Amino acid sequence: MFYNQSKDDVLKELNTSRHEGLTKKEVQARLEKYGRNEMQQDPPTPIWKIFIHSFKEPLVIILLLAVLLSLVSGIYDLTSSGDVKHAMSSFYEAIAIMILILINSGLSVWQTASARKSLDSLKKMNDHQVSVLRDNNWEKISVNLLVPGDIIGVKMGDFIEADVRWFKTSELQVLEAHLTGESEPISKAVEILPEETDLGDRKNMGYSGSTVTNGNGYAVVVATGMETELGKIAGLLKDTPDSKTPIEKTVNELTRKLMYVAGCVVLFTLVAGSLKTWLTTGTFSFTSFAAILSTAIALAVAAIPDALPAVLSIVLTIGATVLTKSKGLIKSLNSVETLGSTTFIASDKTGTLTKNEMTVTRFFANGIEFEVEGRGYDPLGEITPNGQVESARQFIVASILNNESNVSKNENGNYVPFGNPTDVALVVLGLKNDLDRHELLNKKSEIDYDILRIFPFDSTRKMMSVVVKAGDEFKVLTKGAPDVLLNKADADTDKKAFEEKIDKFANEALRTLAVGERIISEDEAMNAAMEELENNISLLGLAGIIDPPREEVRQSVETLHNADINVVMITGDHAKTAQAIAAKLGIISNNGTQVMEGKQIDRMSDDELFDQVENIRVYARVSPEHKQRIVNQLQRHDEVVAMTGDGVNDAPALRAADIGVAMGINGTDVTKDSADLILLDDKFTTIEHSVEAGRTIFTNIKNFMRHELTTNVAEILSLMFGLLLITHDIGNVSSNTPTLTALMVLWVNMISDALPSFALGYDVPESDIMNEPPRDTHKSILADGMMSRIIVRGITMGVVVFIAFILAARSGMQVEEAQTVAFLTLVFGQLWNVFDARSSKTLFHRNPFSNPKLIMAVTFSALSSLFVTISPFFNEVMGTARLSDSVYLMVIFIPAIPVFLISGIKAILLKNK
Ligand code: ATP
């Protein structure tokens with residue numbers, strides 16, 4: 001039992017060294033022996049199973065029925081009526097529908113495979129890292145590569161992802177609710193425990209799946225993968241079923257409905273067709289029934305947007321990958337969709353809206369205000385008034401001792417920061433004064449300093465403290481938000497002077513930080529609790545720290561405002577500092593009424609907050625707990641909220657938000673895990689780009705759906721008109737002839753129409769996509785004019801195709817020729833129409849050449865559709881016929897007329913609005 005052995009015995013048993021770690025060679029050997037540090041998973045469903053599975057879809061079953069009907073009709077022709085030509089065309093039809101089914105299954109296999117691939121690569125990018133000591137060198141590795149015997153270091157915000165035995169801890173607290181059900185963090189220590197200690201009380205152990213909520217610690221890994229306590233209870237992790245996004249659900253639902261429509265249409269056709277034959281000819285033969293049957297099959301194929309669901313998931317998956325290019329890592333397809341409908345973006349200030357490059361530019365100590373020259377990490381810069389600096393020494397020493405950061409020169413001679421940026425600013429201030437933390441601690445000054453305990457900075461407390469031994473004295477040094485420290489200040493502190501300076505610094509958009517100390521006894525130093533120590537503080541001084549706003553943010557805020565998206569700043573900083581920066585960034589106008597402080601939120605009930613939440617643009621001095629309340633109240637207003645966060649305590653708010661946003665560089669593992677979007681570069685502008693990408697993907701999906709569905713409506717109508725309106729033979733065309741053959745319909749659905757639709761899925765955004773209000777998530781994708789656009793254009797196209805067919809028949813063409821005229825009119829009508837489908841406004845609003853993929857797809861569709869009318873092979877198979885040149889010209893260009901006409905009328909209407 002590792003918990004009831006001394007830490008040295010554990011290290012010995014695991015054959016490792018706490019100073020050097022394992023050697024690379026030993027790590028390799030252990031990886032082979034114990035395997036990777038992963039939970040075993042069910043193997044993913046093999047591709048062939050997905051292929052077979054796709055045959056169970058209702059859509060495919062309907063198509064299989066169509067195959068059966070074609071075969072029956074063909075066999076009947078061969079055996080009874082002897083019409084070999086008709087029989088062959090039925091067989092071709094059956095084969096073509098079979099090919100369609102295979103293509104459809106192929107698409108669904110492709111979709112699953114590509115989704116799997118992009119999810120895998122997203123997962124890899126999101127892999128957790130851990131600090132590990134190997135070969136006497138600390139390095140970051142993927143947690144999957146940990147082996148028993150590895151020495152690891154963890155800090156607040158990290159996950160523990162193996163079972164470990166602590167050998168050094170500093171105020172370490174860990175949340176182990178997943179194993180013990182205990183919802184409070186547990187303090188960890190290193191002492192040996194009795195053998196009968198329960199899992200929840202084993203304070204010297206850490207378990208896989210826990211999170212570090214405070215402090216830091218060093219440990220040796222004792223078990224990995226399935227050998228961990230978590231592995232033992234988790235058993236096999238099930239392959240997570242991929243859940244469908246709302247839009248996929250809507251589309252699947254729509255396809256299902258259309259299938260019922262198809263069923264009804266087929267039944268109706270059979271009945272109406274038979275009735276029509278009987279009424280017009282007075283007889284009813286199997287030959288005429290076969291003709292009706294082929295219309296019915298064509299209709300069944302026409303009514304279902306076959307490729308839609310698969311193409312939709314492919315476009316969504318690819319959208320998620322495209323987003324990463326703009327440095328936004330999206331974790332689920334759902335969020336791609338939600339991003340586009342975001343109405344509120346609540347962002348942390350420091351590091352996201354500002355550069356997080358902090359410099360102390362002013363400070364106030366010993367009753368004197370000092371000015372500091374120089375920006376950045378270079379420790380050069382004069383401090384004025386020069387002669388008085390010595391009097392601020394105590395303040396500066398306390399600032400750099402109560403501090404875990406550092407700056408160092410890199411090989412290019414530049415100074416680079418390590419650690420918390422606020423603390424770095426203080427370290428640089430020290431160096432400008434020739435005071436170096438390491439020198440103080442390494443006994444190079446007249447007083448010996450020793451740090452005994454550290455209470456790290458926490459954004460809820462807004463303070464950090466250390467207990468030091470300074471010569472023979474024991475002291476607690478505290479620094480933190482000035483208003484918090486003033487409340488804990490002793491009677492001697494000149495509070496009024498401090499308050500004035502706080503106000504002054506904050507009005508200049510400076511971040512303020514107070515530093516204080518208190519002399520304590522040795523007993524207090526060793527044993528007193530944090531709350532007791534951080535009291536009765538004598539304030540030594542106040543720092544004013546500049547954190548310049550990121551230049552590009554102002555533009556982003558403006559873009560988002562134009563897109564009717566509200567931007568809210570959430571910060572732990574002082575209200576005035578926050579307000580000054582928010583004004584600089586254009587988040588608020590200068591009047592300041594839109595600022596609220598954390599303590600005001602504390603006093604409000606949820607309903608009171610609900611009443612105000614939509615008007616507030618800056619929240620200052622808030623803690624992570626407030627963020628969740630803000631999200632909840634905004635959501636009660638039906639707002640779609642994106643919320644950023646970087647600390648452990650932000651995780652619940654990120655989970656509550658519609659889009660939780662974590663920082664890729666400075667974020668903790670815990671926040672990254674609860675987020676939907678990870679900003680790989682930590683920049684606010686990336687949120688704006690991701691929202692734009694989300695809107696684009698959604699609009700493209702809408703456009704291609706509109707195009708696909710318009711085609712379906714046109715096909716159904718032209719066939720129905722033929723069935724219902726042609727009551728007697730016209731020229732060579734009998735009244736039973738369908739306007740289009742099933743194979744023509746199939747061609748349109750799978751080739752001439754599908755490829756341009758697909759290309760629409762990759763379209764570039766319309767230039768004004770960020771000038772429109774966010775999409776209302778409650779509305780169906782078919783709302784806002786989509787339905788009427790589909791219907792108006794579908795009907796027009798159906799009518800045009802039908803008229804083309806009638807005119808062709810009247811001019812004395814053969815059946816095949818008349819059907820070919822109808823077929824090409826439909827193909828070209830849709831190819832013209834696809835340019836119209838790119839915009840919710842009109843055809844003229846977009847440059848037709850801005851999507852090269854679309855141009856390629858349209859060219860290919862046009863040429864291949866013409867080809868099937870001149871190739872003897874396709875003439876035979878599809879029932880097409882070669883036309884005369886003048887007719888070709890007509891079927892290519894006449895269908896453009898209604899498209900331009902509709903757009904023209906719309907353009908005039910829009911102008912007159
Ligand atoms: P956000 O990142 O949410 O925009 P923030 O980073 O400014 O906000 P916090 O980091 O919670 O907010 O800081 C809040 C206040 O705590 C600061 O204004 C400062 O006074 C104090 N503070 C910040 N960092 C430290 C630190 N390292 N030690 C002591 N006090 C600090």
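Everything quoted here is computed from the prediction, not taken from an experiment. Both ligands and their constituent atoms are indexed starting at 1 by order of listing.
Within the listing of ligand 1, atoms 15 (C), 18 (O) sit less than 4.0 angstrom from a heavy atom of Arg621. Of all the atoms in ligand 1, the ones that sit under 4.0 Å from a non-hydrogen atom of Ala481 are 20 (O), 21 (C). Taking a cut-off of under 4.0 Å to the non-hydrogen atoms of Thr422, the atoms of ligand 1 that pass are 24 (N). Here is the list of ligand 1 atoms found below 4.0 Å of a heavy atom in Ile570: 3 (O), 4 (O). Close contacts of ligand 1 with Asn420, meaning ligand atoms under 4.0 Å from a residue heavy atom, involve 27 (N). The Asp423 neighbourhood of ligand 1 comprises atoms 26 (C), 27 (N), 28 (N), with distances under 4.0 Å to a heavy atom of that residue. In summary, the atoms of ligand 1 found under 4.0 Å from a heavy atom of Asp573, numbered by their order in the structure, are 7 (O), 17 (C), 18 (O).
Summary of contacts: the protein heavy atom closest to atom 26 (C) of ligand 1 is Phe457 CD1, 3.6 Å. Of the protein's heavy atoms, Thr350 OG1, 3.1 Å lies nearest to atom 6 (O) of ligand 1. What sits closest to atom 3 (O) of ligand 1 on the protein, heavy atoms only, is Asp348 OD1, 3.4 Å. Atom 14 (C) of ligand 1 has as its closest protein heavy atom Gly572 O, 3.2 Å. With hydrogens left out, the protein atom closest to atom 4 (O) of ligand 1 is Lys349 N, 2.7 Å, a heavy atom.
With atom 28 (N) of ligand 1 as the reference point, the heavy atom nearest to it among Met569, Arg511, Lys479 is part of Lys479. The option with the heavy atom closest to atom 11 (O) of ligand 1, from among Ser623, Ser459, Gly480, is Ser459. In the candidate list Leu513, Thr512, Ile502, Asn356, Thr512 is nearest to atom 20 (O) of ligand 1, counting heavy atoms.
Outside the 6.0 Å centre-distance limit, the rings of Tyr619 and His626 are not counted as a close aromatic pair. Aromatic pair Phe370/Phe364: centroids not less than 6.0 angstrom apart.
Only one option out of Lys475, Lys488, Lys479 pairs with Glu517 in a salt bridge (Lys or Arg N to Asp or Glu O under 4.0 Å); it is Lys475. When Lys599, Arg621, Lys462 are each tested for a side-chain hydrogen bond (donor to acceptor under 3.5 Å, both in side chains) with Asp483, only one passes: Arg621. Here the rule is side-chain hydrogen bond (donor to acceptor under 3.5 Å, both in side chains) with Arg511, and of Thr577, Thr422, Asp547, Thr354 only Thr422 fits it.
By the 4.0 Å N-to-carboxylate-O rule, Arg362 lies close enough to Glu508 to be salt-bridged with it. Salt bridge Lys432/Glu382: absent, no basic N to carboxylate O contact under 4.0 Å. Look at Arg518 and Glu524 and you find a salt bridge, because one of the NZ, NE, NH1 or NH2 atoms lies within 4.0 Å of a carboxylate O, short of that distance.
For a threshold of 3.5 Å applied to N or O pairs, the pair formed by Thr571 and ligand 1 contains at least one separation below that value.
The environment of NZ in Lys496 is sparse: at most 12 heavy-atom neighbours from other residues, nucleotides or ligands sit within 6.0 Å. When the shell of 6.0 Å around NZ of Lys504 is examined, it contains more than 12 heavy atoms from other residues, nucleotides or ligands.
If you look at Asn402 next to ligand 1, there are no close heavy atoms at all, none under 4.0 Å.
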- request: Take Asp450 and Val468, measure what side-chain contact (heavy atoms from CB on, under 4.5 Å) needs, and give me the verdict at the end.
  value: CA-CA 5 Å; Asp450 257 326; Val468 294; over 6 Å; no
